[in-house]
Amino acid sequence: MASSLFMQFLDATIVTTALPYIGRSLNVPTSSLSLTVSIYFITMAIFIPLSGWIAKRIGKKNAWLLATLLFVLSSLGDAVAPTFSFLLASRFIQGFAGSLMTPTARLIMLEKTPSNQLLRMANYLVWPALIAPAIAPIIGGFFVKYLTWQWIFLINVPIGLLAIIIGIKLVEKDTKKSSTKFDFLGFIEIAISSGFILIGAEIATYGREYWPTAGILVLIGLLMILVVGHHLSHVDNPLFDIKALKVSSFRIYQTGGTFLWLSVGALPYLLTVYLQTVFHWSALVAGYYVIFIFIGNIGIKPFTNIIIRHIKYKASLLIALFTVGISTAALAWIQPTTIGFIIAGLAFISGCGRSLALTCYNAVTFSEIPMDERNSANTLSSVLQTMAQGLGVSLITVVVSALSSFVSVNTAYEYGFIFLGILMLYPIIEVFIQPRDFGSKAL
């Protein structure tokens, strides 16, 4: 399951490295290339709500196997795309496959894990989300420099096929399947809400003249969330149940955790672009420094369980979030003449902080959710997490663009790092007001 999550997270971020090469190869203007990324996230956000219902209908194992195979085939379609339209169509299919594969993989693990084992299992849920975005720039830089851009998609083929072969043998078949009526109205409402928010965020990155239109779309999407909440609370067979939001340990991951995901998605992108655009370093050199985020993720792994068990979840989360905020903001002061060790060190510290924070969040969030309600809770969590990932890059792009109206582009990028650091204030306050024994059921 973790290998399929790794494949999805890698694919979501590695493509940005190859966009200029794709543009030249397929004769696509630079302004249109971001569609390659946005169509993937938008499709995922729209169709994730289907994942829980499909898993109930055909079984979690069958749903995961089907989604993973479709992800592999669409990756192959991306690599052989003769035109940009073909590539976008293939990315749409890939986004649909990811919308089913990722939540189902998480659900297979969650429904077999008792609450007191969630801390150990959280490491397996977290590492793909942390490692893939961090190593994507250097892997992508290597492929486009020494091979071709097609390899950023072809790498999914062996990973996916190996996961399928192992999954067929190791994952047990579902003993229970459900024929619950499909909540079509709820699906349409959620699709409109998430689609408008992500499309609006994407349009906002095209320039200031599009901001009024983008703002209207995002506002409509946000207002639709209220409609969605009312519908899911009152219909007899909702697409997924939202009563898990009443549980504080689950709710804080959907609120404060979303802010963390915005930073997790945006920082590798911002640092990569900053080092290339402002410092004029190559994609490969920029990727070398960004990979220290990944090294930090891995470096702290042997100690996360020890830290959490010793000082408990509340203190661990506060330390982690402070670390992420301060190290991210500190990147605003690096210069081309800064000793490389300092840049790498800040990236490493940021990686340590986000690894510890997400391990805490993932262990706690389902600890008080009964087994029979984890399907709905997982679907809701996956929708919000995907939207946060998709919004991260768009948000920081708009912030830097807006700041460049008042200061130089270089300074705007520097303020961008400070902005990502400030985002941590909300989750810090949210965790601070939790009781001291917060998350004790997950220990």
Side-chain angles (χ1 to χ4, degrees), residues 1-14 40 44 47-48 50-52 54-79 90 93-114 117-136 139 143 151-177 294 297-298 301-302 305 355 358-359 362-363 366 371 374-375 378-379 381-382 385-386:
M1 296 302 103
S3 63
S4 66
L5 293 175
F6 173 81
M7 179 173 64
Q8 187 271 316
F9 281 108
L10 180 68
D11 189 86
T13 50
I14 195 173
Y40 177 83
M44 273 197 70
F47 287 105
I48 275 179
L50 277 176
S51 62
I54 292 176
K56 289 179 181 178
R57 293 282 295 190
I58 68 175
K60 294 183 289 295
K61 178 176 181 177
N62 291 336
W64 177 79
L65 289 172
L66 175 65
T68 307
L69 179 61
L70 187 59
F71 197 92
V72 169
L73 293 175
S74 57
S75 296
L76 192 59
D78 295 339
S90 188
I93 297 171
Q94 197 173 21
F96 172 76
S99 73
L100 179 58
M101 179 177 68
T102 304
T104 308
R106 287 165 53 90
L107 187 60
I108 287 173
M109 290 192 286
L110 287 171
E111 289 197 343
K112 295 181 181 297
T113 306
Q117 293 295 315
L118 280 172
L119 174 57
R120 186 166 64 90
M121 189 57 68
N123 285 313
Y124 296 101
L125 286 171
V126 167
W127 75 259
L130 292 170
I131 295 174
I135 67 173
I139 293 178
F143 283 157
W151 280 94
I152 66 171
F153 299 114
L154 290 174
I155 192 176
N156 293 333
V157 176
I159 298 174
L161 291 178
L162 184 62
I164 290 172
I165 292 170
I166 297 174
I168 289 173
K169 293 185 176 296
L170 290 185
V171 181
E172 298 175 5
K173 290 185 178 179
D174 299 79
T175 55
K176 293 182 180 180
K177 295 180 182 179
F294 151 71
N297 296 336
I298 295 299
K301 275 297 171 207
N305 288 15
S355 180
L358 286 174
T359 298
N362 273 284
F366 295 100
M371 286 289 186
R374 287 186 180 178
N375 187 321
N378 177 62
T379 302
S381 182
S382 296
Q385 179 179 313
T386 301

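- The minimum heavy-atom distance between I152 and N156, with the atom names listed, is O-ND2, 4.5 Å.
- Between S75 and Q94 the shortest heavy-atom distance is OG-NE2, 2.9 Å.
- The closest donor-acceptor contact from the side chain of T104 to the backbone of M101 lies at 3.5 Å or more, if one exists at all.
- The structure places CZ of F153 at 8.0 Å from OG of S90, a figure rounded to the nearest 0.5 Å.
- Under a 3.5 Å cut-off, the side chain of K61 and the backbone N or O of V171 do form a donor-acceptor pair.
- Under a 3.5 Å cut-off, the side chain of T102 and the backbone N or O of L5 do not form any donor-acceptor pair.
- With rounding to the nearest 0.5 angstrom, the CD1 atom of I164 is 9.5 Å from the CG atom of L66.
- Nearest heavy-atom pair, W64 versus G167, reported as atom, atom and distance to 0.1 Å: CZ3-CA, 3.8 Å.
- Minimum heavy-atom separation, Q8 to F71: CA-CZ, 4.0 Å.
- Relative ring orientation between F143 and W151 is described as tilted, the plane-to-plane angle lying within the 30° to 60° band.
- Closest heavy-atom contact between M1 and A105: SD-CA, 3.6 Å.
- With hydrogens and angles ignored, the 3.5 Å screen pairs no side-chain donor or acceptor of T68 with any backbone N or O of L65.
- In terms of heavy atoms, S3 sits closest to I159 at O-CG2, 3.9 Å.
- With sequence neighbours excluded, the residues satisfying side-chain contact (heavy atoms from CB on, under 4.5 Å) with I54 are L50, I58, A63, L100.
- Applying the side-chain contact (heavy atoms from CB on, under 4.5 Å) rule to L161 yields the partners V72, V157; only residues at least two apart in sequence or on another chain are considered.
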